[in-house]
Amino acid sequence: MLTKETIIIRQETQNDYKFVFEVNNLAFKQTNEAKLVEALRTNTNVFVPQLSIVATSNNNIVGHILFTKIKIKTHENFEHESLALAPMAVLPKHQGIGIGSKLVMYGLHEAKNVGFKSVIVLGHSNYYSKFGFKPASLWNIKAPFEVPDSAFMAIELQNNSLKNCSGKVVYPNEFNEV
Ligand SMILES: CC(C)(COP(=O)(O)OP(=O)(O)OC[C@H]1O[C@@H](n2cnc3c(N)ncnc32)[C@H](O)[C@@H]1OP(=O)(O)O)[C@@H](O)C(=O)NCCC(=O)NCCS
């Protein structure tokens with residue numbers, strides 16, 4: 001039986017691409033997010049290979065998470081680099097046993113190791129608050145679109161790294177095409 005203890009989390013390789021496409025396709029029941037992952041991989045300005053991460057079981061891909069570079073643009077037009085957590089997908093038959101949580105925790109740890117200072121996510125506050133995400137409005141960071149306050153969240157990977165980062169998030173253009 002598949003349990004979270006038998007799951008291995010690692011960086012994605014080129015051989016994984018087609019399986020990652022399928023995991024996103026099955027989890028979201030559409031290909032938009034799978035195509036978004038493909039598009040983001042080709043944008044070398046925002047793609048960080050260490051932060052495209054898969055969950056495997058018996059060498060099969062059962063989950064995927066991606067963090068890509070974004071900017072937080074201040075009112076003075078200064079740009080702070082951050083990361084967007086998106087998308088994240090786990091095969092429907094393996095959801096709810098902690099694979100998604102493992103991907104988030106591994107990803108945040110790796111993002112910190114690579115030197116990133118913060119991560120932004122749009123999602124369910126109950127889910128992401130477990131990992132330390134808080135409403136981005138606490139730092140006066142806004143989404144570039146209308147979104148409920150509690151769903152637009154951020155986490156600092158270094159102490160006070162979002163202090164003085166108030167502004168609007170700028171996503172890579174690939175996100176507009178989803
Ligand atoms: C969101 C998702 C990646 C979570 O993966 P997972 O392996 O099921 O996650 P875990 O087992 O670690 O955690 C399960 C928790 O996620 C919650 N959950 C289930 N579907 C969810 C969803 N679409 N969004 C947010 N949380 C969800 C469950 O209620 C459960 O909460 P609990 O821990 O308080 O009981 C997975 O459900 C999925 O692929 N969903 C479809 C794609 C999606 O919506 N992705 C997120 C937006 S990018």
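Note that ligands are numbered from 1 as they come in the structure, with each ligand's atoms numbered from 1 the same way.
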Going by atom type alone, with no hydrogens or angles, which donor-acceptor pairs under 3.5 Å involve a side-chain atom of residues 64-72 and a protein atom two or more places apart or on another chain?
| residue | atom | partner | partner atom | Å |
| --- | --- | --- | --- | --- |
| H64 | NE2 | S52 | OG | 3.0 |

Taking side chain as C-beta onward, heavy atoms only, is V54 less than 4.5 Å from F19? no
Could you name the protein residues that come within less than 4.0 Å of ligand 1, counting only heavy atoms, and order them by chain and residue number? A27, F28, P87, M88, A89, V90, Q95, G96, I97, G98, I99, G100, S101, H124, Y127, K130
Take atom CZ in F131; do more than 12 heavy atoms of anything else shown fall under 6.0 Å from it? yes
Apply side-chain hydrogen bond (donor to acceptor under 3.5 Å, both in side chains) to S82 and list each qualifying residue two or more places apart in sequence or on a separate chain. S118
Can you name the side-chain hydrogen bond (donor to acceptor under 3.5 Å, both in side chains) partners of N32, sequence neighbours left out? none
Angle between ring planes, F145 versus Y171, binned at 30° and 60°: parallel, tilted or perpendicular? parallel
